[in-house]
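See structure below.
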Amino acid sequence: MKKAEIKITVELDDKNVPEVLTWESTDAETQEKLAAKAMILALWDHNYKNALRIDLWTKDMPVDEMKRFFYETLQTMADSFLRATGETNIVEDLRDYCAHFAEKMEIKQ
């Protein structure tokens, strides 16, 4: 069985606010650490039937980029849900909401 490891490093300031986020993967083409300004990690806990989440962003993450990050995340969640379930009708609704979100947040698509 093939294994891959993803490592996320969070550097915090003296108030425990993230200053630097980096990630690396043993399965990547390059072994260098890649910088990120924000992350959302969701894991499914089968025993408790709920999602475990970690949401982090650096203190210098611009608000306009955060809006775009959420928009992109919502779009990719719709893609993932479609691949996982085949539920096209609700995915169309999710995409409609993404368009609404982008309009309200003034995100250029």
Side-chain angles (χ1 to χ4, degrees):
M1 176 189 297
K2 182 179 177 180
K3 289 185 181 182
E5 187 174 311
I6 298 171
K7 179 180 176 184
I8 299 168
T9 303
V10 182
E11 295 179 32
L12 305 170
D13 68 9
D14 58 346
K15 295 179 183 170
N16 289 329
V17 176
E19 285 191 311
V20 178
L21 290 173
T22 58
W23 71 279
E24 56 192 300
S25 171
T26 58
D27 204 29
E29 291 180 17
T30 176
Q31 295 302 307
E32 71 181 276
K33 292 181 180 182
L34 300 171
K37 291 284 183 187
M39 64 169 268
I40 297 173
L41 174 65
L43 303 168
W44 180 249
D45 184 322
H46 173 74
N47 294 321
Y48 291 100
K49 305 289 189 246
N50 66 357
L52 307 170
R53 295 174 18 114
I54 299 172
D55 302 332
L56 294 174
W57 56 93
T58 60
K59 57 186 173 184
D60 65 342
M61 174 74 169
V63 173
D64 63 323
E65 287 186 26
M66 182 61 87
K67 291 175 183 179
R68 182 71 187 208
F69 175 55
F70 269 79
Y71 169 75
E72 295 287 336
T73 300
L74 291 168
Q75 287 281 31
T76 59
M77 287 177 70
D79 295 340
S80 296
F81 191 75
L82 180 60
R83 283 193 317 273
T85 66
E87 297 285 344
T88 57
N89 290 337
I90 196 68
V91 169
E92 289 174 13
D93 290 347
L94 284 169
R95 295 214 188 284
D96 288 345
Y97 176 74
C98 289
H100 173 75
F101 182 91
E103 181 181 330
K104 289 285 187 178
M105 294 292 106
E106 298 178 353
I107 296 169
K108 294 179 182 169
Q109 299 178 27

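Heads up: numbering here begins at 1 and tracks the sequence.
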* Within 6.0 Å of CE in M77, more than 12 heavy atoms from elsewhere ->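 Count not over threshold, so no.
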* Asked: Taking atom CZ of F69 as the centre, does the number of heavy atoms from other residues, nucleotides or ligands within less than 6.0 Å exceed 12?
  ->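 Enclosed.
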* Supply the atom-to-atom distance I107 CD1 to D64 CG, rounded to the nearest 0.5 angstrom. =>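 Reported value, rounded in 0.5 Å steps: 9.5 Å.
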* If you measure from OG1 on T76 to CD1 on I40, what distance do you get to the nearest 0.5 Å? ->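 One finds 8.5 Å between OG1 of T76 and CD1 of I40.
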* **Partners passing salt bridge (Lys or Arg N to Asp or Glu O under 4.0 Å) against R53 (at least two apart in sequence or in another chain)** =>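 With sequence neighbours excluded, R53 shows a salt bridge (Lys or Arg N to Asp or Glu O under 4.0 Å) to D55, given in chain and number order.
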* **By salt bridge (Lys or Arg N to Asp or Glu O under 4.0 Å) - contacts of E72 (at least two apart)** =>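 Per chain and number, E72 pairs via salt bridge (Lys or Arg N to Asp or Glu O under 4.0 Å) with R68.
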[X]: which residues meet the side chain to side chain contact (heavy atoms under 4.5 Å, CB included) condition with it, sequence neighbours left out?
| X | answer |
| --- | --- |
| T26 | A4, E5 |
| S25 | I6, W23, D27, A28 |
| A35 | none |

* Asked: Going hydrophobic residue to hydrophobic residue with side-chain gaps under 4.5 angstrom, can you get from V63 over to M61?
  ->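 Cluster IDs for V63 and M61 differ.
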* Under 4.5 Å between side-chain heavy atoms, hopping through other hydrophobics if needed: is there a path connecting V20 to M66? ->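 No, V20 and M66 fall in different hydrophobic clusters.
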* Sole residue of T73, T58, L21 in side-chain contact (heavy atoms from CB on, under 4.5 Å) with M39 ->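 The option that passes is L21.
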Can you give me every donor-acceptor pair (side chain of residues 87-105, partner residue at least two apart or in another chain, under 3.5 Å) with its distance?
residue : atom : partner : partner atom : Å
R95     : NH1  : Q75     : OE1          : 2.9
R95     : NH1  : D79     : OD1          : 3.4
R95     : NH2  : D79     : OD1          : 2.3

* Asked: Which pairs count as side-chain hydrogen bond (donor to acceptor under 3.5 Å, both in side chains) when at least one residue sits in residues 33-47, sequence neighbours excluded?
  ->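 Every side-chain hydrogen bond (donor to acceptor under 3.5 Å, both in side chains) pair that includes a residue of residues 33-47, provided the two are not neighbours, is K37-D60, H46-K49.
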Identify each donor-acceptor pair in which a side-chain atom of residues 7-15 lies under 3.5 Å from a protein atom, sequence neighbours left out, and give them as a table.
residue : atom : partner : partner atom : Å
D13     : OD1  : K15     : N            : 2.8
D13     : OD1  : N16     : N            : 3.1
D13     : OD1  : V17     : N            : 2.9
D13     : OD2  : K59     : NZ           : 2.8

